There are 2 protein chains.
Amino acid sequence: MARLSFREQVLRVREDAIVSSVNRLLAEKGFDSMTVDEVAADVGIAKASLYKHFASKEALAAAAMVRVLQRAMHVIEAEADKPDASASDRLRAVTRWTLQVQLAGEMPSLPSQNSTLRSALIADRVYIDLLMEVSERLGQWIVQAQRDGSLTSQLPPEVILYTLFARACDPVLGFLKAGGQHSDEQIVDWVLSSCFDGLAARA
Amino acid sequence: MARLSFREQVLRVREDAIVSSVNRLLAEKGFDSMTVDEVAADVGIAKASLYKHFASKEALAAAAMVRVLQRAMHVIEAEADKPDASASDRLRAVTRWTLQVQLAGEMPSLPSQNSTLRSALIADRVYIDLLMEVSERLGQWIVQAQRDGSLTSQLPPEVILYTLFARACDPVLGFLKAGGQHSDEQIVDWVLSSCFDGLAARA
DNA sequence: GTCTATAGCCAGATAGAC
DNA sequence: GTCTATCTGGCTATAGAC
């Protein structure tokens with residue numbers, strides 16, 4: 001790893017602050033409602049300065065997505081290091097982390113319809129590579145869990161993978177939180193249970 | 001029911017055409033990306049004429065939501081009329097319908113973050129009343145199914161209700177459809193199974 | 001690289017003739 | 001009620017001084 005000059009470190013820190021703001025605002029308001037002016041105000045710099053760091057609003061969102069995927073990879077690696085956990089345990093743990101992040105208002109949410117954003121994301125090599133890596137790691141655990149009989153074999157691994165990914169934007173968390181009746185832990189437990197155990201009664 | 005004059009009937013038909021366009025565009029692009037110009041072009045009238053029928057873009061979206069809730073109520077009533085169905089069967093059937101509508105590109109999707117839209121919706125008495133009625137009808141079936149042991153009692157009825165509602169915007173359907181590998185029926189079956197039976201293997 | 005100021009665009013809503 | 005033409009505001013992005 002090359003040593004960074006002081007100037008480069010300052011740059012890093014500033015960009016990190018920008019991405020943090022973007023991440024939070026994306027979680028709060030979504031991509032379309034978030035304005036670049038807001039981001040600049042939140043970071044405490046001028047809008048034009050933002051554009052010296054990131055070429056476009058889409059690039060800002062992509063950076064936030066890259067960061068959350070990096071966090072996810074760290075969680076995955078931490079789970080992989082636990083010697084006694086089953087594949088199913090690991091998937092549950094990663095899914096739990098996803099729900100917690102969303103409930104904490106730290107999960108950036110992107111509209112799947114916005115085409116300019118989609119284009120920017122699939123053109124972003126770093127983002128795509130990370131997404132593939134996360135998918136592969138989870139995919140291996142899914143297949144393993146199906147083999148050892150802890151996850152259903154009725155569903156293709158692909159369907160299970162997508163279902164887990166979708167927990168990152170599950171609106172049920174927000175509904176329950178809006179009610180204000182339950183603790184975050186309780187909410188996460190319920191959604192996790194509905195996801196893995198289903199709504200139907202177990203025999 | 002009062003007889004409508006010819007002029008009023010023409011009005012009805014036109015507004016119905018407008019709501020149809022809005023419904024489809026909302027399903028396709030979402031509220032933020034949908035423009036009023038597009039709606040006008042799709043219906044084939046001038047934008048100013050649209051505003052003679054609906055006061056705002058939010059009102060257009062509300063009308064589409066009212067319509068889809070009316071469709072849902074019809075489905076619910078049709079299910080209620082089936083003499084031999086269990087509460088659980090009825091919930092599955094209504095959920096299946098929801099998934100089919102979404103997969104057919106006919107489910108209007110609204111961003112939960114947009115505040116002006118939220119305000120417009122909760123101010124719309126017709127929308128709120130319908131939403132409450134649908135919730136109550138489903139809620140009764142949920143409690144009943146929990147009592148007869150076909151739905152889990154581990155989760156509060158509220159959680160189950162929200163989980164079913166959330167199927168209307170489940171991104172898993174879109175992911176699987178985008179792959180182009182599977183039939184719509186197959187996709188619906190999988191998602192329905194993941195929802196009710198869960199991802200974990202059944203004993 | 002940071003700022004202020006502004007260009008350029010687009011979309012929601014309206015004016016006013018017919 | 002329908003149209004054409006326009007207003008208005010907000011947002012992304014940039015120019016240009018320092």
Side-chain angles (χ1 to χ4, degrees), chain A residues 4-19 21-22 25-26 28-64 110-111 113-121 123, chain B residues 4-19 21-22 25-26 28-64 108 110-111 113-121 123-124:
Chain A
L4 295 178
S5 72
F6 176 71
R7 176 162 294 179
E8 281 166 332
Q9 286 187 37
V10 169
L11 209 82
R12 273 264 172 120
V13 169
R14 175 141 303 169
E15 295 199 346
D16 204 61
I18 294 172
V19 176
S21 285
V22 171
L25 288 170
L26 279 181
E28 236 175 64
K29 331 183 55 174
F31 181 78
D32 291 318
S33 300
M34 178 187 81
T35 71
V36 178
D37 289 84
E38 265 174 330
V39 176
D42 194 66
V43 178
I45 63 175
K47 182 164 54 168
S49 304
L50 256 190
Y51 278 97
K52 295 286 180 182
H53 293 276
F54 296 92
S56 66
K57 184 183 177 183
E58 284 76 17
L60 284 171
L110 305 184
Q113 320 98 344
N114 189 316
S115 55
T116 71
L117 180 56
R118 271 190 73 85
S119 308
L121 282 178
Chain B
L4 296 177
S5 73
F6 177 72
R7 176 161 295 179
E8 280 166 334
Q9 286 189 37
V10 169
L11 211 81
R12 272 268 170 114
V13 168
R14 175 141 300 170
E15 295 200 344
D16 204 63
I18 294 172
V19 176
S21 285
V22 171
L25 288 169
L26 279 181
E28 236 175 65
K29 331 184 55 173
F31 181 78
D32 290 319
S33 299
M34 179 187 83
T35 69
V36 178
D37 288 85
E38 266 175 328
V39 177
D42 195 66
V43 179
I45 62 176
K47 182 163 56 166
S49 303
L50 256 190
Y51 277 96
K52 295 286 181 184
H53 293 275
F54 297 92
S56 67
K57 184 184 178 183
E58 284 76 18
L60 284 172
L110 305 184
Q113 318 101 342
N114 189 314
S115 56
T116 70
L117 180 56
R118 270 190 74 85
S119 309
L121 282 178
D124 187 323

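Convention: sequence-line order gives letters A, B, ...; per-chain numbering from 1. Note that this is a predicted model, so its numbers are computed, not measured.
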Whole Å only: how far is the [atom1] atom of [X] from the [atom2] atom of [N]?
| X | N | atom1 | atom2 | value |
| --- | --- | --- | --- | --- |
| Lys47(B) | dT14(C) | NZ | C1' | 10 Å |
| Met34(B) | dC10(C) | CE | P | 19 Å |
| His53(A) | dG1(C) | NE2 | P | 7 Å |
| Leu50(B) | dG12(C) | CG | P | 11 Å |
| Glu58(A) | dC11(D) | CD | C1' | 12 Å |
| Asn114(A) | dA11(C) | CG | P | 12 Å |
| Leu60(B) | dG12(C) | CG | C1' | 11 Å |
| Phe31(A) | dC11(D) | CZ | P | 13 Å |

(message) Before you tell me yes or no, could you show the steps for Leu11(B) and His53(B) under side-chain contact (heavy atoms from CB on, under 4.5 Å), namely the whole-Å CA-CA distance, both residues' side-chain angles and the distance that decides it to 0.1 Å?
(response) CA-CA 9 Å; Leu11(B) 211 81; His53(B) 293 275; 3.9 Å; yes
(request) Kindly determine whether Leu60(A) and Leu26(A) satisfy side-chain contact (heavy atoms from CB on, under 4.5 Å), including the steps that lead there. (result) CA-CA 10 Å; Leu60(A) 284 171; Leu26(A) 279 181; over 6 Å; no
For [N], take OP1 and OP2 only and decide whether either is under 4.0 Å from a side-chain N or O of [X].
| X | N | value |
| --- | --- | --- |
| Lys57(B) | dG12(C) | yes |
| Tyr51(A) | dT14(D) | no |
| Arg14(B) | dG1(D) | no |

Nucleotide nearest [X] (side chain, heavy atoms from C-beta), chosen from [options]:
| X | options | result |
| --- | --- | --- |
| Ser49(B) | dT12(D), dC3(D), dT4(C) | dC3(D) |
| Asp37(B) | dA11(C), dC11(D), dC3(C) | dA11(C) |
| Ala46(A) | dG1(C), dT2(C), dC3(C) | dC3(C) |
| Ala48(B) | dT4(C), dT14(D), dC3(D) | dC3(D) |
| Thr35(B) | dG12(C), dT14(C), dA13(D) | dG12(C) |
| Lys52(B) | dT2(D), dA13(D), dA15(C) | dT2(D) |

(request) Check whether any side-chain heavy atom of Pro111(B) sits under 4.5 Å from a side-chain heavy atom of Asp32(A), and report yes or no. (result) no
(message) Show the nearest heavy-atom pair for residues Ala61(B) and Leu110(B), with the distance to one decimal.
(response) CB-CD2, 4.2 Å
(message) Would the distance check show the side chain of Lys57(A) and the main-chain N or O of Phe31(A) forming a donor-acceptor pair, the cut-off being under 3.5 Å?
(response) yes
